[in-house]
There are 2 protein chains.
Amino acid sequence: MAQSEPLYRQIAADLREQIRGGQLKAGDRLPTEAELREQYGVSRNTVRLAFAQLQNEGMITSTQGRGTIVREQVITTYHASWAESRDRMSSDQVDAFHAEQAAQGHKSAYRDFEMRIVPASPELAERLTVDEGDSLVSRSFVRQVDGEPSSLQDSYYPMDIAQECGLLTPHDVAGGAIRAMAAKGHVEIGYVDEVTTRMPRPDESRKLGLGIGTPVLVYVRTTYSDTRPLRLTLTIFAGDRNRLVYELGDISGYHGQNGYAS
Amino acid sequence: MAQSEPLYRQIAADLREQIRGGQLKAGDRLPTEAELREQYGVSRNTVRLAFAQLQNEGMITSTQGRGTIVREQVITTYHASWAESRDRMSSDQVDAFHAEQAAQGHKSAYRDFEMRIVPASPELAERLTVDEGDSLVSRSFVRQVDGEPSSLQDSYYPMDIAQECGLLTPHDVAGGAIRAMAAKGHVEIGYVDEVTTRMPRPDESRKLGLGIGTPVLVYVRTTYSDTRPLRLTLTIFAGDRNRLVYELGDISGYHGQNGYAS
DNA sequence: TTCCAAAAGTTGTCCCAACAAATGGTCTCA
DNA sequence: TGAGACCATTTGTTGGGACAACTTTTGGAA
């Protein structure tokens, strides 16, 4: 490995891989601290640091006297809202974001643009109604606000739509992807947003420049035409620097703009 | 203090109080590990455990060679949605929640109901358009799903509305508060939702039974009539067990119901 | 067989020590 | 004056040890 990577992080990475890869499933017991101490030839202190890191990521749980197990994540859905809406104006998300940030006096930019072709995971396949393993076009970038990284955005398109609408380019699409799709008859008529939270993974933490102990907002928007899902956008927001606001109904004034602490 | 409370937690609690109380402000340097070791007469390891806990709460940041400082939290707003909606059906949030959970096959209940009269904080005052320090009626409870605590809900009403609508009772209001207000002419016509995330405070962690490393979703809904804000609802969701979903536009089918991991 | 006590196993707390790495300031020398 | 070397300070990493607290298993006694 990298000779500069601390031991406890290497151990944490190993265990994380085993959990991610399925060798260790939810509810399974991890090796005891003593066993890992033996196995890696390190002190118990170092093993405990590795455990602490995984605990902070919400992946494992230790119980005194019993051992350490892989956590299982069961989540229930709270259907917060449903609304009929029409007449959306600048449908392009990037433009809309830019405009709003500018209105708030912030400078928005994006970098590290990347286009990849990836197989559909079960979650992606379900939401885009394609088969698991089907090729999807991923277009991702890092969004910056006032020079600081603010969120990681990753959009997935079904391959046939991406080809038809010229989304296989390794750079930004002029006018935005939504407009390019609309020009070919794939018109957005609505979307479903899913919002949840978790601790960031190390690479996310690095890209977003997050301090230890900062969670992220995981935000998934599935966009639909009248016949099929057009796109899935996965956005990882730095939890300490972002807030999502939904206005529903016919509100006139009121809404404050500043932070909510307690 | 309690003789059973671990040293590192006592130290963490002391520092947390100093930050909360304002003796240590954002950007200030904390005492060095060596100083705290001296001051409390403990080992450096114990001080580091205390620091680790505060780091996981997102309150402080340590930098090698420089020291440890109190973090400052600046957040920007992302206006994710705007929509005109009408014909909402069961407007009462509690009932709506119950119904949805039942539809998903879960048993929803609530406990520890509490009614208090509290002065308006700056954030509450701004959103409810009252003066800071004005009396508000707080009605809070713990929501349970399948016997597990799922979220902490706390609703704030302007005093005059609460009096008029009989919300000063220390128990549940038959038919729901929204219906009671509507009966007196305070009809809900829309709301603004704000969603963000952070690490839980110790009391929240305890009430929700959260494991270490589990963040919470902070969800603020401000409800409006055609003339004024009626209510502000602050909900703390256990981040590992909840998800918010917003449907916007005219969608027919599609949307999946299961967890989103990556 | 049943129940209770003891033992073994495992994580939690706490101490001590040493060196590495990064930062910020000082001091010297060109 | 300016640049670079050096040093003190501070946190990061890693090792070692001891006992406490809690859970599970085991074994013996009734």
Side-chain angles (χ1 to χ4, degrees), chain A residues 1-15 24 27-71 202 205-206 209-214, chain B residues 1-15 19 24 27-71 202 205-206 209-213:
Chain A
M1 315 287 161
Q3 68 280 8
S4 60
E5 188 75 351
L7 285 175
Y8 74 94
R9 288 200 205 177
Q10 290 183 34
I11 297 173
D14 283 356
L15 294 172
L24 288 171
D28 284 359
R29 282 191 56 179
L30 274 76
T32 67
E33 294 177 355
E35 284 170 353
L36 288 172
R37 177 183 143 284
E38 190 87 4
Q39 182 180 329
Y40 285 93
V42 298
S43 79
R44 191 180 156 217
N45 226 328
T46 303
V47 175
R48 283 185 67 78
L49 278 178
F51 274 18
Q53 176 149 340
L54 293 176
Q55 281 174 18
N56 287 337
E57 293 167 21
M59 302 193 73
I60 65 175
T61 301
S62 296
T63 311
Q64 191 172 106
R66 193 173 329 184
T68 304
I69 62 170
V70 179
R71 284 184 63 181
S205 195
R206 184 173 42 76
L210 296 178
I212 299 178
T214 303
Chain B
M1 312 290 161
Q3 68 279 9
S4 60
E5 188 74 352
L7 284 176
Y8 74 95
R9 289 201 202 178
Q10 289 182 34
I11 298 173
D14 283 356
L15 294 172
I19 295 172
L24 289 171
D28 285 358
R29 281 192 55 179
L30 274 75
T32 66
E33 294 176 355
E35 284 168 352
L36 287 171
R37 178 183 143 283
E38 190 88 5
Q39 181 180 330
Y40 284 93
V42 299
S43 81
R44 191 180 154 217
N45 225 326
T46 303
V47 175
R48 285 183 65 78
L49 278 178
F51 274 17
Q53 175 149 342
L54 293 176
Q55 282 173 15
N56 287 336
E57 293 169 20
M59 302 193 73
I60 65 175
T61 301
S62 295
T63 311
Q64 192 172 102
R66 194 176 328 186
T68 304
I69 62 171
V70 180
R71 286 184 62 183
S205 196
R206 183 173 43 76
L210 297 178
I212 298 178

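Chain A is the first sequence line, chain B the second, and so forth, proteins listed ahead of strands; every chain is numbered from 1. Keep in mind that what you see is a predicted model, and the values were worked out from it rather than measured.
Counting only distance, with no hydrogens or angles, the side chain of Glu35(B) and the backbone of Thr32(B) share a donor-acceptor pair below 3.5 Å. Distance alone, capped at 3.5 Å, is enough to place a donor-acceptor pair between the Gln10(B) side chain and the Glu5(B) backbone.
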Summary of protein contacts for nucleotides 12-20 of chain D, nucleotide by nucleotide, where a base hit scores B, a sugar-phosphate-only hit scores S (4.0 Å, heavy atoms): BBSBB-B--
Verdict with reasoning, Arg37(B) to Thr46(B), per side chain to side chain donor-acceptor pair (under 3.5 Å): CA-CA 8 Å; Arg37(B) 178 183 143 283; Thr46(B) 303; over 6 Å; no
Walk me through whether Gln55(A) and Thr61(A) qualify under side chain to side chain donor-acceptor pair (under 3.5 Å). CA-CA 6 Å; Gln55(A) 281 174 18; Thr61(A) 301; over 6 Å; no
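A straight line from CD1 of Ile69(B) to P of dT10(D) spans 15 Å, rounded to a whole angstrom. Distance, Gln10(B) CD to dC14(C) C1': 13 Å, rounded to whole Å. Distance Glu38(A) CD to dG9(C) C1': 15 Å, rounded to the nearest Å.
Every residue meeting the side-chain contact (heavy atoms from CB on, under 4.5 Å) condition with Val70(B), not counting sequence neighbours, appears here in chain and number order: Ile19(B), Leu24(B), Leu30(B).
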